[in-house]
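Order of appearance sets the numbers: ligands from 1, and atoms from 1 within every ligand. Basis for what follows: all heavy atoms, side chains included, without hydrogens, waters or symmetry-related copies. Bear in mind that the values here come from a model prediction, so they are computed numbers and not experimental data.
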Amino acid sequence: MHFLDVILPIPLQKAFTYHITEAEANFIKTGMRVAVPFGKSKIYTALAYKIHNNPPTAYEAKTIHQILDESPVITSKQLSHWEWIASYYMCSVGEVMRAAMPNAFILESETIISKNESTEIDEQSLKDDEFLIYEALQYQSSLKIQDVVSILDKKRVLPVINNLVEKRVLNLQEELYEKYQPKLVRYIKLHNDYKTEESLQGLLQALNKRANKQREVLLTLFTLTASSKEPVKVSELVKKSEASSTIIKTLIDKGILEDYHIQTDRVQFEGEGNSNVKILTEAQQKAYDSIETAFETKSVTLLHGVTSSGKTEIYVQLIKEQLKKGKQVLYLLPEIALTTQLVQRLQDYFGEKVAVFHSRYSGNERIEVWNNMLHNPEKAEIIIGARSSLLLPFKNLGLIIVDEEHEQSYKQFDPAPRYHARDAAIVLANMHGAKTLLGSATPSLESYFNASQGKYGLVELNTRFNNVLMPDIELVDLADKYKRKRMKGHFSDRMIAEMKETLEEGFQIILFQNRRGYSPIIECTTCGHSPQCPSCDVSLTYHQYKNQLRCHYCGYHTAMPKSCEACGNPTLDTKGFGTEQIEEEVKELFPNHNVARMDLDTTRGKYGFEKLITRFEQKEIDVLVGTQMLTKGLDFRHVKLVGILNADNLLNFPDFRAHERSYQLMAQVSGRAGRSDVRGKVLIQTYNPHHNILQQVSVNAYKDMFAEQMNDRYNFKYPPIYRLVKITLKHKDYNRVNTAADWYAKSLKQVFKTNVLGPEFPPISRIRNLYNKNILIKIPPNQSLLKTKEAIRKIDNSFNAVKDFRSVRAILNVDNY
Ligand code: ADP
Ligand code: ZN
């Protein structure tokens, strides 16, 4: 008798066992996919794990449906890494598998398929089975795998579907994807034939007689070229000369003007170079050498380099070094939105060797990256991606770069696996005998602490590229400005003056406000009522643009009422402000300039983010108002002023990391200012100009911030000194959550005594109709993490066995961020 343990992509504590034949046992290898029946009528794609001869004791083993691969689709190192994640972050390997594999790899009976409308399908090329499915989709818009089973009247349908997905005949649900092509902007210049003074004179003479309008266009072009060093856009010429585009076309047809396209690529735009790797400056070279030296003795090194010091250029050199050795490099970014600028930069250097792994990519593209990693290593030497790219089939990693390592989005919240990509990257690198480089201008306390303890190497780079000065940061006291009536809306006189000057000089401005919408609270001035979300414990935010009230937690929205729903008076007033209101105020203050907004609302659509960045890079936008999205490592050339409208709501956030985060956020936004030759200016408006964090931000005193915050973490027993495990209980019934949380906390306290905090409701206690209650376990530095988790697991198992609590969800979050 032969049995196969498989990993199913669901939260099962144990591997599930199936009966296989001798022939199957001889063929199957760990890491191949098999289709298996599960539960009453479901089919899943599972991963073969172990072959053995021991029948399961608790149930009768079923047989597998079929084997889906001829060779493993995952590597053994990859599997070990998944196992580490599952064990460290207290989830199942199946949950890691689900996060790791492209959907199309793990078809299941619930998967919905539909016709891919965007490809021309050659019906002749379809095999009989394939055609039947294709035909069925002419009559209905979607099918489940089960439907396919009955259409084809056989169980083994997954390979047929896989083929159709590969032939791009089918789409799997939720995979709408459109590749973003950066817009090509059309520019215009005088044809080379007329570059000499003589030929030009001749031309103007000729035009003078017959084509006055054409001559005017030419003269406008000369004026534009003379007044700015930058290339002239066709649209600009049309506007300035008030000529029709037909006239311009005529000039082009006559060979007098020439149009050309420039891709939005900054490197070409500046005309600075080609794809040659830049030569490191002396300071950068020194940092590079120190990194190499550090790696001789440490497997992890932290590069603490101020904003715009050229960290990316150093990464490029390190990547080159690895490629020479025939090793792979993984370049992790906190959010894939960032890749637009970076991918371009790296592709300029490394071309085809760069593969981007993107959760927004379609199944096909993700499968392509995956397969290239397994079979065409030359196309996957450098992988750029967000946290889940860590879970790919790497063969011989030499280096992992974790860029902006302090970013909290490296930690996955929901669903499991709730892993921290930086930490999991270090483990992965060790499995490959590779190195990890963490990079940031504002390192996390965790990493800086590890570096200062000698656990990691530490390399500091304190000068900006080109020796541009760090921006000059000025704090503006809001209390004083309001008292002396120096405010217009939410703008102080200082802010307005600096904005005016910046715009007059032709530079751009970034304004930061960490709330989106128009205003976060609507309140009736008669009765004090303020509209709340029906499903969450929060006030609704007013969005003026859509004239709606919206919940930022569940997406609930409703039209803005004309009068108070409680007392009926038309006395609704807004309190607080978000990005919409700031955008509106800027438009009023500077009606002749282009203002745009970058937040979740304006970047939601496909590639909304990229489009905004491109417009800003091309200077179609003068003032960009936005939320934290603005902070993320963006490299803009013409930004001189950065304004932070209100620092206080960052500082007052109820979280033990609030101060650290505020520092990082403000330092990062500030870092967007003055990245080329002029010194940048930053204005921070606040009611607490003497707050230590603000003082530290204003003089770039990272180390002071670190020392002070670490002191608090020691005193109050928080990370990086103690470790945290957070347990969140969720249920729609308030009382049941309370009882469950009390039971759980009591059990924990028997083991961990005073190191258990709570249960406590979070500031927003109900989200999407579910009440949340948290329990926090603090783990002292000398306490075994493994034993601690074993104890928690035991309690969790008993908890799940209590009948009353069966419907309560308990979520375990290790190293809660
Ligand atoms: P960081 O990642 O540290 O913020 P970047 O690597 O983005 O800094 O560098 C800032 C800017 O300076 C980029 O536009 C980059 O192209 C330029 N730069 C940095 N180092 C060099 C160099 N050695 N030669 C030419 N340009 C450089
Ligand atoms: Zn809500």
| message | Does the residue Ser309 have a heavy-atom contact with ligand 1, meaning some pair of atoms that are separated by less than 4.0 Å? | response | yes
| request: Could you see which bit of Lys278 sits under 4.0 Å from ligand 1, with heavy atoms only: side chain, backbone, both or neither? | output: side chain
| request: State whether a side-chain donor-acceptor pair under 3.5 Å links Thr728 with Asn772. | output: no
| request: Give the numbers and elements of all ligand 1 atoms closer than 4.0 Å to a heavy atom of Thr312. | output: 2 (O), 5 (P), 6 (O), 7 (O)
| request: For the Zn ion (ligand 2), decide whether Cys536 has an N, O or S atom at a distance under 2.8 Å. | output: yes
| said: Taking the ring of His304 and the ring of His406, is the distance between their centroids below 6.0 Å? | reply: no
| task | For Glu446 and Arg657, run salt bridge (Lys or Arg N to Asp or Glu O under 4.0 Å): C-alpha distance rounded to whole Å, both residues' side-chain angles, the deciding distance at 0.1 Å, then the answer. | result | CA-CA 11 Å; Glu446 277 73 9; Arg657 289 182 213 269; 2.9 Å; yes
| request: Indicate, as side chain, backbone, both or neither, the part of Ile279 found under 4.0 angstrom from ligand 1 when only non-hydrogen atoms are considered. | output: backbone
| said: Centroid separation under 6.0 Å, is that true for the rings of Tyr315 and Tyr349? | reply: no
| said: Rounding to 10°, state the angle centred on the Zn ion (ligand 2) that links SG in Cys554 with SG in Cys551. | reply: 110°
| field | Ligand-residue contact atoms, ligand 1 with Arg637, heavy atoms, under 4.0 Å | value | 14 (O)
| query | Would you find a donor on one side and an acceptor on the other, under 3.5 Å apart, between the side chain of Asp599 and the backbone of Asp601? | reply | yes
| query | Taking distance alone, with no angle check, do Gly310 and ligand 1 share an N/O pair under 3.5 Å? | reply | yes
| field | Contact check, Arg464 vs ligand 1, heavy-atom distance below 4.0 Å | value | no
| query | Based purely on interatomic distance, does Phe465 place a nitrogen or oxygen under 3.5 Å from a nitrogen or oxygen of ligand 1? | reply | no
| message | Below the 3.5 angstrom mark, is there an N/O of Thr307, backbone or side chain, next to an N/O of ligand 1? | response | no
